Amino acid sequence: MGLEMEHRVLLALTDTIDFPTAFLGAIKAGIIPIAVNTLLTPKDYEYMLSDSRAKVLIVSEQLLPQFAPMIGKLAFLKQVIVSGSSAQGHTALKDVLAKGKAELAPAPTTSDDACFWLYSSGSTGMPKGTVHVHSSMILTAELYAKAVLGCKETTSSSPAKLFFAYASATRSPSRLRSAPLRS
């Protein structure tokens with residue numbers, strides 16, 4: 001698909017199994033997922049796609065109409081992948097996953113490399129892309145999810161929508177260790 005390490009993909013996905021599949025799969029491959037709020041306006045999405053220079057949009061089928069006006073107009077966006085029963089002329093996520101290999105060697109990332117982005121709410125102006133490094137995700141899982149919330153390896157729960165930082169950082173800590181961190 002032409003994606004390389006450190007390329008960015010914007011995820012506008014509802015809370016289905018496709019969200020953690022795309023989010024954690026991208027991280028393991030060294031690709032930087034950008035999880036966005038599924039309740040934003042087309043103007044917000046266009047800004048985030050342009051600002052992040054995301055090369056790929058992975059979007060839930062029901063959210064695709066929010067992106068339709070900008071597809072083909074953004075300089076950096078090269079591909080749209082749709083999660084759901086109808087890709088509506090775009091690439092279907094199920095087809096991308098079917099072509100994948102059962103084993104994927106983790107990308108040679110370091111603890112200080114960008115892991116994922118989230119956008120701020122924009123309460124002080126335009127939303128700002130906040131870069132989270134690999135080590136912050138592990139530390140959040142260890143120091144908050146495990147120590148404060150009492151999450152265990154078999155725990156996988158999120159009271160928040162999956163695109164929120166809280167939900168992204170408190171996933172099962174054992175699964176977060178799929179890629180070794182190097183200093």
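For this chain, numbers begin at 1 and follow the sequence in order. The structure presented is a predicted model; accordingly, all values stated were derived computationally and were not measured.
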dist Cys151:SG -> Glu142:CD (nearest 0.5 Å) comes out at 11.0 Å
Walk me through whether Ile81 and Met1 qualify under side chain to side chain contact (heavy atoms under 4.5 Å, CB included).
CA-CA 11 Å; Ile81 300 172; Met1 295 178 61; 3.1 Å; yes
Are more than 12 heavy atoms from other residues, nucleotides or ligands located less than 6.0 Å from atom NZ of Lys43?
no
Taken to the nearest 0.5 Å, the spacing of Ser83 OG from Glu61 CD works out to 8.0 Å
Can you list the other members of the hydrophobic cluster that holds Leu104, where links are side-chain heavy atoms under 4.5 angstrom apart?
none
Please check: side-chain N/O of Glu6 versus main-chain N/O of Gly30, any donor-acceptor pairing under 3.5 Å?
no
When every non-hydrogen atom of Val148 is compared with those of Leu143, the smallest separation belongs to CG2-O, 3.7 Å
Whether the Ser60 and Thr14 side chains hold a donor-acceptor pair (N or O, under 3.5 Å, no angle test) is what I'd like checked.
yes
Any chain of hydrophobic side-chain contacts (each under 4.5 Å) joining Val9 to Leu24?
yes
Linking Ile, Leu, Val, Met, Phe, Trp and Tyr by side-chain heavy atoms under 4.5 Å, what else ends up with Tyr45?
Leu10, Ile32, Ile34, Val36, Leu40, Tyr47, Met48, Leu49, Leu57, Val59, Leu63, Leu64, Phe67, Met70, Ile71, Leu74, Leu77, Val80, Val82, Trp117, Tyr119, Met126, Val131
Taking the side chain as C-beta and beyond, is there a heavy-atom pair between Arg8 and Ile31 under 4.5 Å?
no
Is it the case that the side chain of Ser120 and the backbone of Lys128 share a donor-acceptor pair, with hydrogens and angles ignored and the cut-off at 3.5 Å?
yes
Roughly how far apart are Leu93 CG and Leu13 CG, rounded to 0.5 Å?
7.5 Å
According to the side chain to side chain donor-acceptor pair (under 3.5 Å) rule, which pairs have a member within residues 87-98, sequence neighbours left out?
Gln79-Thr91
Side-chain contact test, heavy atoms from C-beta onward, threshold under 4.5 Å: evaluate it for Ile27 versus His134 and give yes or no.
yes
When hydrophobic residues are tied together by side-chain contacts of less than 4.5 Å, even through go-betweens, does Leu97 share a cluster with Phe23?
yes
Closest approach of Pro42 to Gln66 (non-hydrogen atoms, all atoms of both residues):
CD-OE1, 3.0 Å
Going by atom types alone, do Thr21 and Asp18 pair a side-chain donor with an acceptor below 3.5 Å?
no
Please find the pair of heavy atoms, one from Asp113 and one from Pro108, that lie closest to each other, and give the distance.
OD2-O, 4.3 Å
Treat each ILVMFWY residue as a node, draw an edge where side-chain heavy atoms are under 4.5 Å apart, and state whether Phe76 and Phe116 are in one component.
no
What's the spacing between Leu11 CG and Ile58 CD1 if we round to 0.5 Å?
5.0 Å
Identify the two heavy atoms, one from Ala26 and one from Pro33, that lie closest to each other, and give their separation to 0.1 Å.
CB-CD, 4.0 Å
When you compare the side chain of Thr109 with that of Met5, does any pair of heavy atoms fall below 4.5 Å?
yes
Nearest-0.5 Å distance, NE2 of residue His7 to NZ of residue Lys55
4.5 Å
